Protein chains: 2
Amino acid sequence: MTGQVVSAELLAVVVAMVDGRPSVLTLGAPPRLPSGPLLPSHLSLQAATRAWVEEQTGRRLGYLEQLYTFADLDRDGGGSGRPISVSYLGLTTPGHPGIGGWRDWYALLPWEDTRTDTTLLDDHIAPGLRRWVESDPAARGERRRRVDTTFGLAGLAWQPELVLQRYELLYESGLVPESPAPWRRPDDELVPGERMAGDHRRVLATGLARLRAKITYRPVVFELMPTSFTLRQLQDCVEALAGRDVHTQNFRRLIEQQDLVEETGDVHAGTGGRPARLYRFRRQVLQERHVAGTKLPTTRAR
Amino acid sequence: MTGQVVSAELLAVVVAMVDGRPSVLTLGAPPRLPSGPLLPSHLSLQAATRAWVEEQTGRRLGYLEQLYTFADLDRDGGGSGRPISVSYLGLTTPGHPGIGGWRDWYALLPWEDTRTDTTLLDDHIAPGLRRWVESDPAARGERRRRVDTTFGLAGLAWQPELVLQRYELLYESGLVPESPAPWRRPDDELVPGERMAGDHRRVLATGLARLRAKITYRPVVFELMPTSFTLRQLQDCVEALAGRDVHTQNFRRLIEQQDLVEETGDVHAGTGGRPARLYRFRRQVLQERHVAGTKLPTTRAR
DNA sequence: CGCCCTTATGCTACATCTGAGCAAAAGGCG
DNA sequence: CGCCTTTTGCTCAGATGTAGCATAAGGGCG
């Protein structure tokens, strides 16, 4: 009973806000996440991830947390051997460009931005999923329920953090190009959105899901902000990550009453309105107590 | 640039409530977690974990979620090769005993139960940590801050879910027997608590941390309950997991108003008080909406 | 310059949630 | 029966969250 010889690979979802849009660091075409094998010289998985990102993109990471470990036989291109993929989520600021490029993550997972319009969901995704629901009479009830809850259809609420479940459902129902061949649809039935190498879109979805969940209970947004920022910029960042809008005044109050930030004394003018005060993150709060992060003052009506 | 040959190992923290105490499934002595290598026949990491637990303990798991992946060079006995350990958290009910035994997890991590008394913390741990703080003048301030926040000393609040941070701090400060030799203390200075094979206590701490966090935002406690139970039994279970007490009436209100349970119609008598109604988990809520789990109606005074 | 548009900020009304405690219901038992 | 225990119902005040009104303070333009 000896174990299989496997290779371990690190994958990094490195996120930054670029021109107000959440973006992910990718290399090449089709875009792939920075990655590399675990080497004997690496002290830990996290250290290995840092090393590979730095080598491939010239970028030194600050915040980095483990996401998930994948080793499914049926995913990831089906090459030889069996790679174990350990994925990490890194948060940074755009800074100098380095190698590789920032890619708007809503270009990769367009259905996840529900702020502007829902025509994509209504015109492409919902009909495609309905076809899939109906295509198996035996599993219809179960499938319909699953579709409705994951995509917030049939009057149910859209749950921002179900990113991975939504991607997996699209994969399973054959609506993305990387879905297994047997269930492939003609091109015009596929859901828009740029595909990535291997199963990297799945890893990206895992990262987005984690990030959306985490900003609601830990102050991680600040890892994505410049040292000095206005509350509006912070709100824009949160909204872009969550893919939904929040109530401005209450958001301000929430941030202020938690002592998450302090004024720098400067103001930022030139936006065509009243100049905004500039703030910086009070990094000490991370030590002072268990701070509740950026809760989203939800708007009742979706 | 070729990857290191590694072996992947699955580790399972399988939890159940046994005689009202949270317990973990272990094998042999010193106790170790069920584990086994990833084999070519396994379709996924999760499937491999299920297979190994079933083979080694005769127990088929229901709820199973991935915990964390470790591959630190300096931990885990330092054997040959480099094992990647992928750990999982399983929740089940004691049922038939099977192979292996249930071990009270507070016998393994005794300082985590703050319900009864805090003499262990006050008499053993705090003094030991203080010695460690003082032993390095350069790092004293930093160490003191870290000790105070992780163990809720110096007037700070005890944070139940910092289980792993507390274990790591004890490990680092040489207060547990598995700490690296250079910092070893004489036996009478070590913190009580049964050690486990390899770094399994670390994995256990990771599992406990995850479980404590998760019961506050997802209804996972019910995976540990029998099909029919009283609200008091449910409360006892939550309290045992969290290692702290909750307010009975408010706990009931919380459970009921979320429609997490429904009455079976039966009652449970014989406890020397008013007979309690029996309830069952409404498993449908998992589909109906994003249910907020068992929030802990915290008592203000610690 | 004065008006209007925009964005930023302050504040209030109201609903809901939470923490805390009183008290009654309903068995067991001497 | 009276007293113990445990379960259950209910109230109440303070905290927190949601929603919206109102004012402050810049830029642009006639």
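Numbers restart at 1 for each chain; the letters A, B, ... are given by sequence-line order, proteins then strands. Since the structure is predicted, the reported quantities are computational estimates derived from the model, not experimental observations.
The shortest distance between the side-chain N/O atoms of B/Arg277 and the OP1/OP2 oxygens of C/dA25 is not below 4.0 Å. Between B/Arg274 and C/dA25, a side-chain N or O to OP1/OP2 separation shorter than 4.0 Å is absent.
Residues B/Gly273 and B/Tyr279 each lie close to DNA chain D; by heavy-atom proximity, the contact nearer the 5' end of the strand is made by B/Gly273. Comparing B/Gly270 and A/Gln233 by the nucleotide of DNA chain C that holds the closest heavy atom to each, the one mapping nearer the 5' end is A/Gln233.
Side-chain atoms of B/Arg253 and base atoms of C/dG19 include a donor and an acceptor less than 3.5 Å apart. With hydrogens and angles left out, the side chain of A/Arg232 and the base of C/dA8 share no donor-acceptor pair within 3.5 Å. In this model, no side-chain donor or acceptor of A/His247 finds a partner on the base of D/dG17 within 3.5 Å.
Minimum atom distance to the side chain of B/Gln249 is reached by D/dC10, of the listed C/dT18, C/dA8, D/dC10.
When rounded to the nearest whole Å, the span between CD of A/Glu263 and P of C/dA8 equals 15 Å. Rounded to an integer number of Å, the gap from CD of B/Gln257 to P of C/dG19 is 11 Å. With rounding to whole Å, A/Arg252 atom CZ is found 17 Å from D/dG17 atom C1'. Across the protein-nucleic acid pair, A/Glu256 atom CD and D/dT16 atom P stand 16 Å apart, rounded to whole Å. Between A/Phe251 atom CZ and C/dA8 atom P the separation is 12 Å, expressed in whole Å. In this structure, A/Leu254 atom CG and C/dT9 atom P are separated by 16 Å, rounded to whole Å. Taking atom CG on B/Leu231 and atom P on C/dA25, their separation rounds to 20 Å, with Å as the unit. Going from atom CG of B/Asn250 over to atom C1' of C/dG21 covers 10 Å, rounded to whole Å.
Rounding to the nearest 0.5 Å gives a distance of 5.5 Å between CD of A/Gln235 and CZ of A/Phe251.
Using a 4.5 Å cut-off on side-chain heavy atoms (C-beta onward), B/Arg212 and B/Val163 make contact.
A/Ala269 comes within contact range of no nucleotide atom at all, as no heavy-atom separation falls under 4.0 Å.
Relative orientation of the A/Tyr217 and B/Tyr217 rings is parallel, given thresholds of 30° and 60° on the angle between their planes.
Cation-pi geometry between A/Arg21 and A/Trp102 is not satisfied (NZ or CZ under 6.0 Å from the ring centre, within 45° of the ring normal).
The existence of a salt bridge linking A/Glu65 and A/Arg210 is confirmed by a sub-4.0 Å separation between a basic side-chain nitrogen and an acidic carboxylate oxygen.
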